[in-house]
Colleague: 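A single structure is presented below for examination.
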Amino acid sequence: VSDLRCAFLGRVPYAEGLGIQERLVAAVRRGDAPDTLLLLTHPDVITLGRTADPEHVLVSDAERERAGVPVFDAGRGGDVTYHGPGQLVGYPILALRDGRRDAHRYLRNLEEGLIATVGAYGVSAARVDGLTGVWTGGAKIAAIGVRIGTGWITSHGFALNCGSDLSGFSMIVPCGIGDRSVTSLSACTGREIAPDEVAPVAASAVAAALGRRPVWEPAAA
Amino acid sequence: MRVDVVMPQMGESIAEGTITRWMKQIGDSVSRDEPLFEISTDKVDAEIPSPAAGKLVEIKNQAGETVPVNQVVAILDTDASAAVAAAPAATQPAPEPPKAAAPPAPAPAAAPAPAPKAPEAEAPRGEGGFISPVVRKIADEHGIDPSRVTGTGAGGRVTKKDILDFVAQGGAKAAPAPAPQAPSRPAAAAAPSPAAPSPVTFAAGARVERQAMSPMRKKIAEHMIESRRTSAHVSSVYEVDMTRVVKMREAFKSVYMERHGTKLTITPFFVKAACDALRAWPVINASVDGNDIVYKKDLNIGVAVALDWGLIVPVVKNADELSIAGLTRKINDLAERARAKKLVPDEVAGGTFTITNPGIFGNLFGLPIINQPQVAIMGCGGIEKRPVVVDDAIAIRSMMYLSMSYDHRIVDGAVADQFLAMVKKGLQEFDESLL
């Protein structure tokens with residue numbers, strides 16, 4: 001079992017997060033950095049996956065500008081998503097090897113890790129056939145969208161809704177799925193759960209689902 | 001030299017990919033492993049590196065097109081590569097400065113004039129047209145020659161649906177006669193199927209009713225006979241004290257329903273104990289290929305599910321990587337969808353070891369037939385309270401017979417017995433903290 005370095009970076013602007021990922025992907029590819037699970041939160045932002053439909057952004061550019069919510073092209077799979085302060089974002093930057101070089105298997109592993117994470121808070125979640133992500137009671141609690149770069153190096157990853165404020169999602173049609181709503185750990189448990197509290201739990205569960213041993217590095221990267 | 005660039009297979013169950021952008025244009029030089037194009041499948045965006053150094057001379061599929069795995073999407077000319085060949089990672093694309101709300105300029109629609117169409121025949125496509133790996137795999141599993149399947153895909157290509165329809169219609173392992181059915185040939189001349197060596201005859205008026213086997217029944221019949229013919233079956237039986245597991249299951253049943261929304265059954269305990277023992281005795285998780293023993297690194301555990309109309313063995317892939325809660329959910333989900341006929345072919349393929357439970361109707365144990373090409377199958381008999389001797393006293397314990405049939409070609413009796421002893425120990429001393 002190989003190690004997976006895990007670190008919580010706190011709040012990172014989306015653009016800065018992209019830069020960190022880019023540098024780390026290059027370093028992992030060269031063998032200069034260990035496989036790493038970056039955990040962080042983003043200020044309000046809307047991101048578009050490679051197959052995103054711009055129609056799924058529901059607010060006008062003017063409204064967005066006024067609210068100070070930027071839009072980014074993310075270079076990951078999937079449609080439109082929203083990130084905000086109440087959400088734990090995870091970017092596993094790692095090299096998939098041997099039998100794990102299977103994009104679907106990787107997605108299913110991330111889902112398994114997230115199901116275990118919310119399970120630790122007593123929330124029973126599951127997959128829904130054909131809808132990547134993690135669902136509970138018909139609502140999405142975690143979204144997944146990944147990128148696999150040259151050499152099977154992964155980036156981007158998942159966003160787990162922790163805090164109770166989900167109003168940011170009203171700016172978009174999450175992942176282009178109109179008839180499903182979103183929920184969060186706080187909404188499911190009835191108590192406020194912050195992303196930094198969930199980070200170590202998610203690190204262990206996601207590492208385990210990926211067959212790795214988590215090595216917690218609070219002040220890394 | 002011209003080198004084909006193909007749509008890569010990004011996963012076992014992924015049959016196609018959508019090209020989202022070309023990072024190089026016709027005429028551009030590219031070094032080996034430099035990103036050439038990007039594809040999108042489901043929630044995954046992937047960057048595809050160039051297979052060789054050279055000059056991009058043809059792009060067959062533009063951004064936005066969805067292409068089956070292994071289809072040629074572009075052609076490189078490697079003779080033109082001398083200049084770039086020596087520049088490997090140095091040409092990493094400059095990290096795009098993240099820019100707000102600015103989509104990457106889409107490839108101009110009228111951009112490079114399409115290169116003169118290369119003659120279609122150049123790429124070796126195998127007999128009877130292109131066969132995707134997915135189709136090939138399904139064909140191999142069912143012993144079908146794909147050239148016998150009528151393709152409905154582009155250019156008469158055999159699609160996944162075509163081959164699955166063919167299987168569903170009972171095409172698997174049917175008479176190999178490739179010749180078009182000559183209508184004049186009398187039906188009686190058809191060679192008897194290997195599963196029915198001698199025709200059973202009944203006098204006219206005999207009190208029997210004749211019914212054609214369903215395609216599923218036929219497949220089961222073929223597999224059973226084929227397995228008997230292939231493996232040297234031997235069986236062992238152990239007696240296991242299940243009291244601890246039974247109590248644990250009782251204690252955690254409601255917790256699981258509450259916490260995980262799923263019913264805790266005994267099966268995950270068997271799967272967990274088997275996985276631990278399989279890791280210790282890898283030859284049980286192997287196959288025979290000619291004169292070779294093939295050890296499988298993944299533990300993909302088939303769990304037999306009885307259906308009203310037969311039996312199916314969905315597979316829990318990488319079962320050793322799942323928690324007990326994960327196993328429970330997975331097994332229940334597979335069993336439910338098996339009964340609802342909603343399994344996809346991938347979910348019944350690739351098993352490396354099988355567990356069956358012949359005990360549900362109260363029998364003591366069964367000696368099952370191996371699920372080829374595996375080399376062992378474990379049978380869990382019924383659990384019932386029996387008087388047993390514990391510390392020289394007679395106690396009432398929940399007992400079960402645990403059997404296994406194994407292929408004596410590669411599995412020795414001593415190995416099989418030590419494997420079963422480990423499963424027994426794993427069950428009798430099951431670690432409660434795993435729940």
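What you are looking at is a predicted structure, and each value in this text was computed from that prediction instead of being measured. Quick note on labels: first sequence line is chain A, next is B, and so on, each numbered from 1. Values below: every heavy atom of this structure, side chains too, minus hydrogens, waters and symmetry copies.
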Colleague: Please name the pair of heavy atoms, one in A:Thr150 and one in B:Pro49, separated by the smallest distance, quoted to 0.1 Å.
Modeller: CG2-CB, 3.6 Å

Colleague: Going through the checks in order, is the salt bridge (Lys or Arg N to Asp or Glu O under 4.0 Å) test met by B:Glu47 and A:Arg29?
Modeller: CA-CA 13 Å; B:Glu47 186 182 63; A:Arg29 186 177 293 133; 3.7 Å; yes

Colleague: State the CD-NZ distance between A:Glu112 and B:Lys330, to the nearest 0.5 angstrom.
Modeller: 8.5 Å

Colleague: With side chain to side chain contact (heavy atoms under 4.5 Å, CB included) as the criterion, how do B:Asp45 and A:His156 come out once you've worked through the C-alpha distance, each side chain's angles and the decisive distance to 0.1 Å?
Modeller: CA-CA 10 Å; B:Asp45 214 27; A:His156 294 279; over 6 Å; no

Colleague: Between A:Asp129 and chain B, with a heavy-atom cut-off of 4.5 Å, which part of the residue counts as in contact: side chain, backbone, both or neither?
Modeller: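 Side chain only.
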
Colleague: Which bit of A:Val45 is near chain B, if near means a heavy-atom gap under 4.5 Å: side chain, backbone, both or neither?
Modeller: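 Neither part.
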
Colleague: Give, as side chain, backbone, both or neither, the part of B:Arg259 having an atom under 4.5 angstrom from any heavy atom of chain A.
Modeller: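 Both backbone and side chain.
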
Colleague: Taking side chain as C-beta onward, heavy atoms only, is A:Asp98 less than 4.5 Å from B:Lys297?
Modeller: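 Side chain of A:Asp98 against side chain of B:Lys297, heavy atoms only: no contact under 4.5 Å found.
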
Colleague: Answer with side chain, backbone, both or neither: which region of A:Leu48 has an atom nearer than 4.5 Å to a non-hydrogen atom of chain B?
Modeller: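 For A:Leu48, no heavy atom lies under 4.5 Å from chain B.
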
Colleague: Under 4.5 Å, counting heavy-atom pairs only, tell me which of B:Glu38, B:His260, B:Glu258, B:Arg329 racks up the most with chain A.
Modeller: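 It is B:Glu38.
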
Colleague: Determine the sole option in A:Val146, A:Thr154, A:Ile144 for which the side chain to side chain contact (heavy atoms under 4.5 Å, CB included) test with B:Val44 is passed.
Modeller: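 Between B:Val44 and the candidates, side chain to side chain contact (heavy atoms under 4.5 Å, CB included) is satisfied uniquely by A:Val146.
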
Colleague: List the atom of A:Ser124, the atom of B:Gly261, and the distance in Å for their closest heavy-atom pair.
Modeller: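 That closest heavy-atom pairing would be OG-N, 3.6 Å.
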
Colleague: Between B:Asp333, B:Asn318, B:Ile39, which residue shows the highest count of heavy-atom pairs closer than 4.5 Å to chain A?
Modeller: B:Asn318

Colleague: Chain B heavy atoms under 4.5 Å from A:Ala116: which part of the residue, side chain, backbone, both or neither?
Modeller: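 Neither part, no heavy atoms under 4.5 Å.
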
Colleague: Select one option (side chain, backbone, both, neither) describing which atoms of A:Arg101 are under 4.5 Å from chain B's heavy atoms.
Modeller: backbone

Colleague: To the nearest 0.5 angstrom, please state how far the CZ atom of A:Arg100 sits from the CG atom of B:Asp298.
Modeller: 8.5 Å

